[in-house]
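Please read the structure below before turning to the comments.
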Amino acid sequence: MEGDDEATFAAATGFEAMYANGDAGDDPRLPPTPRSGKAAVGSGGDLMDVEAYAALYTGRTKVARLLFIAERCGNEGMQLEAFRLAHDEIKKGEDSHLYREAMAKIGDRLGPRYAIDQVWADAVDRRAEVRKEKLENELNIYKTNLIKESIRMGYNDLADFFYAHGQLGDAFKNYVRTRDYCTTSKHIIHMCLNVILVSIELSQFMHVSNYVSKAEQTPEQLDPVTHSKLRCAAGLAHLETKKYKLAARKFLETGHELGNNYTEVIAPQDVAIYGGLCALASFDRTELKNKVIDNVTFRNFLELVPEVRELINDFYASRYASCLEYLENLKPNLLLDIHLHDHVETLYTEIRHKAIIQYTIPFISVDLHTMAGAFKTNVAGLEKELEALITDNQIQARIDSHNKILYARHADQRNATFQRVLQTGVEFERDVRAMLVRANLIKHECITRAARKP
């Protein structure tokens with residue numbers, strides 16, 4: 001019990017540290033939130049704090065996210081800031097190919113200080129050639145000596161080299177080759193995590209799912225951090241294949257131990273946003289209550305992004321206008337998320353449709369003017385949405401277009417009960433007759449045996 005208490009305290013301390021460092025409370029990609037009362041709903045024009053957003057990530061994903069923002073955002077100031085940060089981050093590494101690609105996009109827009117540094121790029125290339133030759137020679141020696149652990153380390157070092165220099169295909173191949181030389185469960189898990197990392201950057205999410213399964217099948221119990229990393233990777237794989245309910249479950253299963261231990265792929269704030277939106281789009285009210293709102297572990301992630309926490313609570317409490325207003329304010333910046341941008345429209349549509357369906361369930365009739373006010377839309381637009389949902393058989397109702405009233409088609413429970421009773425009686429009578437016939441046939445030995453085949 002003392003060990004459990006210590007683990008809980010450590011996790012809580014980790015989250016407190018995030019708050020202390022300014023990593024929590026207000027997600028930099030979201031509109032600002034006041035420190036007291038409910039989260040403010042801005043006009044939708046609030047710009048992402050690019051520098052604070054970039055600080056949530058490390059490694060190649062940091063550069064990829066910054067370049068993605070620079071290419072997608074319509075604000076020149078944000079674009080130049082993203083390019084500047086991406087440039088500085090790239091020069092900390094050794095990927096000269098990515099540097100040249102980024103500089104081709106930047107051009108001379110950042111001024112002479114950020115002109116292409118050909119001397120640096122050529123020096124990196126020369127060092128890379130020397131390093132590659134050295135690693136390949138060492139690997140060949142290890143293969144000659146037939147020492148499995150040395151061969152595994154040789155392939156791993158070569159894969160790390162290719163990854164650092166942006167040759168992701170070669171990195172993937174060499175990480176996979178280490179599998180034949182793994183002698184312990186820890187080696188297998190390490191190999192799987194490396195392959196998953198490269199596969200996410202290559203957008204090969206089938207490989208992500210496969211290697212998550214391989215890691216989970218190892219006989220040794222996974223430590224909490226590794227388990228959380230695998231949950232996140234599996235969630236991203238399901239998100240990319242539009243399996244939103246499965247994605248939500250994986251993100252909701254992510255432990256608080258994740259903290260800032262997987263920033264080369266995902267930030268804790270992303271877990272809250274991805275998990276929250278996928279849950280809203282795919283869970284029913286009971287699941288939303290039990291698996292999201294009452295989920296103590298996931299609540300820690302939601303505390304990092306108050307806007308998502310508030311919109312989930314508003315949705316569950318049927319405050320649809322406030323919920324949809326939050327969503328609209330979050331939308332511009334969520335469209336700049338490298339993993340979520342392709343799914344924003346689909347998720348938003350699903351959430352809105354669920355809200356409309358949930359709104360109509362308790363009523364026999366609904367005034368469309370009142371309903372349009374609740375959803376901050378006009379009657380004509382709402383009528384079209386309702387028509388689509390009725391056509392898809394998601395709402396059992398009919399619309400009085402003249403009086404602008406929606407009438408629910410509730411099943412006649414009394415009549416349905418009588419029909420089920422009558423049907424049960426018919427089936428019972430049939431079964432009794434069949435048993436009586438069989439009993440009489442046996443009694444009078446009227447048994448016909450199947451003729452034997454010659």
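Computed from a prediction, not measured in an experiment: that's the story for all the values here. Sequential numbering from 1 along the given sequence is applied to the chain's residues.
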Is a side-chain donor or acceptor of R285 paired with a backbone partner of Y316 at a separation under 3.5 angstrom? yes
Do R398 and I390 touch side chain to side chain, with heavy atoms closer than 4.5 Å? no
Would you mind telling me which of L311, V292, V308 makes a side chain to side chain contact (heavy atoms under 4.5 Å, CB included) with L280? L311
Any salt bridge linking D88 with K92? Criterion: basic side-chain nitrogen under 4.0 Å from a carboxylate oxygen. no
May I ask you to decide whether E303 forms a salt bridge with R309, counting only side-chain N to carboxylate O separations under 4.0 Å? yes
Does any N or O in the side chain of S322 come within less than 3.5 Å of the main-chain N or O of R319, such that one atom is a donor and the other an acceptor? no
Value for CD1 (I338) from CD1 (I69), rounded to nearest 0.5 Å, stands at 9.0 Å
For residues 203-211, please give each side-chain donor-acceptor pair under 3.5 Å, one per line with the distance, not counting sequence neighbours.
| from | atom 1 | to | atom 2 | distance (Å) |
| --- | --- | --- | --- | --- |
| S209 | OG | F205 | O | 3.3 |
| N210 | ND2 | M206 | O | 3.3 |

Going by side-chain contact (heavy atoms from CB on, under 4.5 Å), name the residues that satisfy it together with D180, two or more places apart in sequence or in a different chain. none
Scan side-chain atoms only and decide if R65 and Y53 contain a donor-acceptor pair under the 3.5 Å cut-off. yes
Are the side chain of N145 and the backbone of I147 linked by a donor-acceptor contact shorter than 3.5 Å? no
Within a strict 4.5 Å, meaning less than it, do heavy atoms of the F298 and V271 side chains meet? yes
Is it the case that atom NZ in K173 sees more than 12 heavy atoms from other parts of the structure closer than 6.0 Å? no
Any residue meeting side-chain contact (heavy atoms from CB on, under 4.5 Å) with K331, in chain and number order, not counting sequence neighbours: E328, L335, V344, E345, Y348
For residues F68 and H341, establish whether the separation of their ring centroids is below 6.0 Å. yes
Got a sec, which residues hit side-chain contact (heavy atoms from CB on, under 4.5 Å) with Q118, two or more places apart in sequence or on another chain? R100, I116, A121, D122
Are any non-hydrogen side-chain atoms of I356 and L386 less than 4.5 angstrom apart? yes
Do the side chain of N329 and the main chain of Y326 share a donor and acceptor less than 3.5 angstrom apart? no
What's the shortest heavy-atom distance between A372 and N378, and which atoms? CB-C, 4.0 Å
Listed partners of D223 passing side-chain hydrogen bond (donor to acceptor under 3.5 Å, both in side chains), at least two apart: T226
Out of I200, L258, V265, which one pairs with C232 under the side chain to side chain contact (heavy atoms under 4.5 Å, CB included) rule? L258
I want to check something: taking the side chain as every heavy atom from C-beta on, are M78 and L336 in contact at a cut-off of under 4.5 Å? yes
Distance in Å, I293 CD1 paired with L288 CG, rounded so as to fall on 0.5 Å steps: 4.5 Å
Tell me, do R249 and E287 make a side-chain contact under 4.5 Å, heavy atoms counted? yes
Do R60 and L168 have side-chain heavy atoms sitting under 4.5 Å apart? yes
Within the supplied structure, the quantity of interest is the number of heavy atoms (other residues, nucleotides, ligands) at a distance under 6.0 Å from E220 CD; does it exceed 12? yes
Heavy-atom neighbours of R131 CZ exceed 12 at 6.0 Å: no
Hey, what do you get for CG (L146) to CD1 (I151), rounding to the nearest 0.5 Å? 6.0 Å
Regarding E76 and R109, does a basic nitrogen lie under 4.0 Å from an acidic carboxylate oxygen? no
Across all chains, not counting sequence neighbours, the side-chain contact (heavy atoms from CB on, under 4.5 Å) partners of N290 are T286, D294
Ion pair check, E129 and R126, cut-off under 4.0 Å: no
Just checking H343 against Y244, ring centres under 6.0 Å apart? yes
Is it true that K245 and D284 make a salt bridge, defined as a side-chain N closer than 4.0 Å to a carboxylate O? no
With salt bridge (charged side-chain N to carboxylate O under 4.0 Å, His left out) as the test, would you mind laying out the steps for R352 and E385 before giving the verdict? CA-CA 10 Å; R352 185 176 178 84; E385 288 185 90; 2.8 Å; yes
Step by step, work out the side chain to side chain contact (heavy atoms under 4.5 Å, CB included) result for I273 and L334. CA-CA 9 Å; I273 293 170; L334 295 183; 3.9 Å; yes
Rounded to the nearest 0.5 Å, what separates atom CE in M103 from atom CG in L110? 7.0 Å
Please confirm whether the backbone N or O of N140 pairs with a side-chain atom of T144, one donor and one acceptor, at under 3.5 Å? yes
Side-chain donor or acceptor of T178 paired with backbone N/O of R152 under 3.5 Å: no
Would D117 and K91 pass as an ion pair if we require N to O under 4.0 Å? yes
Begin from the C-alpha positions of D170 and L158 and carry the test side chain to side chain contact (heavy atoms under 4.5 Å, CB included) through to its verdict. CA-CA 9 Å; D170 291 325; L158 194 57; over 6 Å; no
Any heavy-atom pair between the side chains of L80 and I106 that's under 4.5 Å? no
Donor on one side chain, acceptor on other, Y320 and Q358, under 3.5 Å: yes
Do any N or O atoms from the side chain of D337 and from the backbone of N333 form a donor-acceptor pair under 3.5 angstrom? no
Could you tell me whether K384 and E387 make a salt bridge, using a distance below 4.0 angstrom between a side-chain N and a carboxylate O? no
Between T61 and I266, is the side chain to side chain contact (heavy atoms under 4.5 Å, CB included) condition met? List the steps. CA-CA 8 Å; T61 192; I266 195 170; over 6 Å; no
Do D270 and Y262 have a side chain donor and acceptor closer than 3.5 Å? no
May I ask you to decide if K250's main-chain N or O and T254's side chain share a donor-acceptor pair within less than 3.5 Å? yes
Centroid-to-centroid, F161 to H165, below 6.0 Å? yes
Are the side chains of I399 and E383 in touch, meaning some heavy atoms are under 4.5 Å apart? yes
Between Y175 and D160, is a side chain to side chain donor-acceptor pair (under 3.5 Å) present by the stated rule, with each step listed? CA-CA 8 Å; Y175 281 134; D160 288 343; 2.4 Å; yes
I want to know whether F375 and Y359 have ring centres closer than 6.0 Å. yes
Once the angle between the rings of Y274 and H339 is folded into 0 to 90°, is it parallel (under 30°), tilted (30 to 60°) or perpendicular (over 60°)? perpendicular
Once you round to the nearest 0.5 Å, how far does NE2 of H97 lie from CG of D125? 11.0 Å
From C192 atom SG to H190 atom NE2, the distance as rounded to the nearest 0.5 Å: 11.0 Å
Given the rule in the side chain to side chain contact (heavy atoms under 4.5 Å, CB included) test, do E81 and L85 qualify, once you have shown the distances and angles that lead to the verdict? CA-CA 6 Å; E81 177 72 357; L85 292 168; 3.9 Å; yes
